[in-house]
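Below, chains carry the letters A, B, ... as their sequence lines are ordered, and counting in each starts from 1. What's counted below: heavy atoms across the whole structure, side chains too, no hydrogens, waters or symmetry copies. Just so you know, these numbers come straight off a predicted model, no measurement behind them.
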Amino acid sequence: MTLRVSWVVTSIVLSVCAAVAETPPDACVKCHEKEAAPEHVSVHFREQVTCVSCHGGDSAATEKEKSHAGQVRKIARAEVPALCAKCHSDVRLMNPYGIATDQFAQYQTSRHGLKLAEGDQDVATCADCHGAHGIRKVKDPESPVFPKNVPATCARCHADADLMKRHGLKSNAPKDYGESVHAKLLEKGDLSAPTCITCHGNHGATPPGVRDIIHVCGKCHVKEQELFSQTKHFALTEKGEFQSCVTCHRNHLIRTKQEDIRKSCKLCHGDETDPARIRFTSIFATIRGAEALFQGAKDRVQRLGHAGIPVDEEEALLEEAKTGVLRLAPMQHTLDESKVLATAQEAEATISEINRRLDGKERAESWKKKSILPIWGFLLGMAGLFWLKLGRIKKEAA
Amino acid sequence: MSVTRNLVTFVRRWLGERLPMDDIEHFVAKQAGKPLPPHVSWFHTFGSLSLFLLGNQIVTGILLMVYYRPTPERAYESVHFISTKAAFGWFIRGLHAWGSTLMIIMLLLHVARTFLMAAYKKPRELTWVIGVLLFGAVVTFGFTGYLLPWTQVSYWGTTIGTEVAGSVPLVGPFAKRLLLGGDAVSGETLSRFYVVHVIVLPWVVVFLTAVHIVLMRTQGLATMDPVGKEVIPEGKSVIPFWPHHVLKEMVVFSVFLAIMATMVILLPQELGAKADPLVTPAAIKPEWYILPGYQFLKYFPKMLGLAVSTIPPLLVLLLPFLDRNPERRARKRPVCITVGVMAMAATVLLGIAGHFSERSVRIFGRAYQFDHFGIPHRSPEAAR
């Protein structure tokens, strides 16, 4: 009996605890169910930031008049950043969570923030990206600002043709990004792949200027930036006459295929006698040749390995060759034919060594085929002897 | 020469003081001199070739076990080591891999010869039943051994095979978990298949083979006389087992061994890529000897297919009890021969359909796409 009573009491206590844990601990829920529903996943709710923290009022009161007494209000869009900043700019409050406190300052310098200050109600505020209720941590895969979800979050406004038209912007950026190499990486699950905020910033979102593009791309493509800085194109970029990386690779629809880049080159170097055109044609041919040689060697190593020939050393050399071939992509940014050729020749020398070794191994394997002759000679000889013996026995028996 | 003779005499005397050598010699002489019926031909060597291949599988299997490691981390690498670095490892592995295929072919030929000559009829029903069970055990040998190299093809082939087992009503999910040791092919599966392959099945096959041979030697080879009217072979027309038939087998063994060695050298068993549970290869298919059954299942709804697919093996197993015709000569049992030959042809056709299904093939310059059921359609690419 005692056991049963304690079981019932324990169940009731646990149920109450669970109910309390899953709903905001105030009276607002009674009327504002729709807003309260997503709060059980909210990072704010878990840290005791409740309805009244933002909206004001008295959450302890159970009657509407009393609970709405004071300054209960629906928060205007223009007020949102400053309201969030009340806590998020407070170093003492944010420090324990390791959250930066310059977000509001950045926002104020962003295109969104500047426009909001001008009274533009269309621009994004904190709640547009992070949500208003049910705010999740950035690391939560369901958060709208989780890396994989960022393009879709930005696209909510930036793919809206009417909205963008009102502000004199194009609405094709999200679509273009979706077809870029960056988006492909993100789709594969590479969370370090660039999204909108990698280039434009998140809270301080603003399009980089022409001269800044190389620095934005150079955050990841360090070698390319370094080599590009030594070229004539860079000097033109400094003068504002060349849009550095995006001239060849475009901005949102990032292209890396050689044929696409070649088209971009031809825009300025269309004349077939143009030395620059001759040079880039030669550079592309060198890279293509090295890549084809590498692929051939890779296929051969794999084929022979599967066929039972030991290729461990060749696989190690193949890695070396791969490094050489991968170096060609940044190297072409020098626009220096001789440097590209020298790098390609290094890789090709390794590939030649691989093929030379494989030739030797294939020759060494030929003894296996030659061994068929003595095997057949011996076994057919034995079969012949047994046959003769059988014939003789039959003859004797007859 | 006298040294050898003295040694033999010494050994005989030594053994004679400890064993009933006269009885043993009498037994061996009786077995060796046992007369065989006059119709015994080259086709009667399929059984002994199967026995030879069983010996090959056991010896090469033991040698492979020296280097093989049955874990997902090491299995592929150990087979790669055997194929590339261990002395003559490639040859031993080739003999084992080709041996398994050739053993199934030899058993099929042996079964076909026994069927066509009606050697399964009374009093040899048990010999047939044990032979069919042996065939099942050898196919299981192939199925369990297929996974051991832990390659993409073996991993996904086993996945398909265990999926089929899992779809059997009632016991299927349990059988699948028992086979896999989980919900998918994993290290647990590899351990289970390895134990079954190297410990359980060898004993089962050796035991069944021993019983099969004892029955065969006790009852003698079937003649072509009708059931109940068999005449014990005697006189000048009989063929002595030793040395006549043994010499015939030696001729066949020598030629067969030469062919097998050639296959190992010229058609090496490639290892392929290591198993990757996250990457499913396109159009993966089971081994050729499972292909007819696999294709057969495609033509029926799941449950019905599984029910129907148990009928042909059962018919084969119970053949001696179903075929009541006492005649053994093919021309005197037209119904049985016609049904049997049609079943063999259907099996071959199912195997061919299974091989080509879901593949694009160019025939006489025209591209064809074989659908799921193995039916060819003009490829849209060719139509353009």
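Applying the side chain to side chain donor-acceptor pair (under 3.5 Å) definition to pairs two or more places apart or across chains, those involving residues 49-74 of chain B are B:T60-B:H96. The side chain to side chain donor-acceptor pair (under 3.5 Å) analysis of residues 318-329 of chain A, with sequence neighbours excluded, yields the pairs A:R327-A:E346.
Below 4.5 Å, heavy atoms of chain A meet heavy atoms from B:S254, B:V255, B:L257, B:A258, B:I259, B:A261, B:T262, B:I265, B:L266, all part of residues 254-267 of chain B.
In the displayed structure, A:W376 atom CH2 is contacted under 6.0 Å by more than 12 heavy atoms of other residues, nucleotides or ligands. The number of heavy atoms from other shown groups lying within 6.0 Å of NZ (A:K361) is above 12. For A:R392, the CZ atom counts as loosely surrounded, since its 6.0 Å shell holds 12 or fewer non-hydrogen atoms of other residues, nucleotides or ligands. Atom CH2 of B:W288 sits in a crowded spot, with more than 12 heavy atoms from other residues, nucleotides or ligands closer than 6.0 Å. Annotation: A:K137, atom NZ; neighbour count of heavy atoms from other residues, nucleotides and ligands within 6.0 Å does not exceed 12. No more than 12 heavy atoms of other residues, nucleotides or ligands shown are found within 6.0 angstrom of NZ on A:K223.
The distance from atom CZ of B:F81 to atom CG of A:D312, rounded to the nearest 0.5 Å, is 10.0 Å. Remark: B:E270 CD to A:L304 CG distance equals 9.0 Å, nearest 0.5 Å. In this structure, CZ in B:F91 is found 10.5 Å from NZ in A:K368, a value given to the nearest 0.5 Å.
Ranked by heavy-atom pairs under 4.5 Å with chain A, the first of B:G272, B:G89, B:S83 is B:G272. The candidate with the highest count of non-hydrogen atom pairs below 4.5 Å against chain A, out of B:P240, B:A273, B:P243, is B:A273. Contact tally against chain B (heavy-atom pairs below 4.5 Å) for A:I372, A:I375, A:V311: the top residue is A:I372.
Between A:W367 and B:W90, the angle of the ring planes goes over 60°, which puts this pair in the perpendicular group of the 30/60° scheme.
In this structure, B:H244 and A:L390 approach most closely via the heavy-atom pair O-CD1, 3.3 Å. When all heavy atoms are compared, the tightest approach of B:V251 to A:F386 is CG2-CB, 3.4 Å.
Applying the salt bridge (charged side-chain N to carboxylate O under 4.0 Å, His left out) criterion to A:E353, with sequence neighbours excluded, gives A:R356, A:R357.
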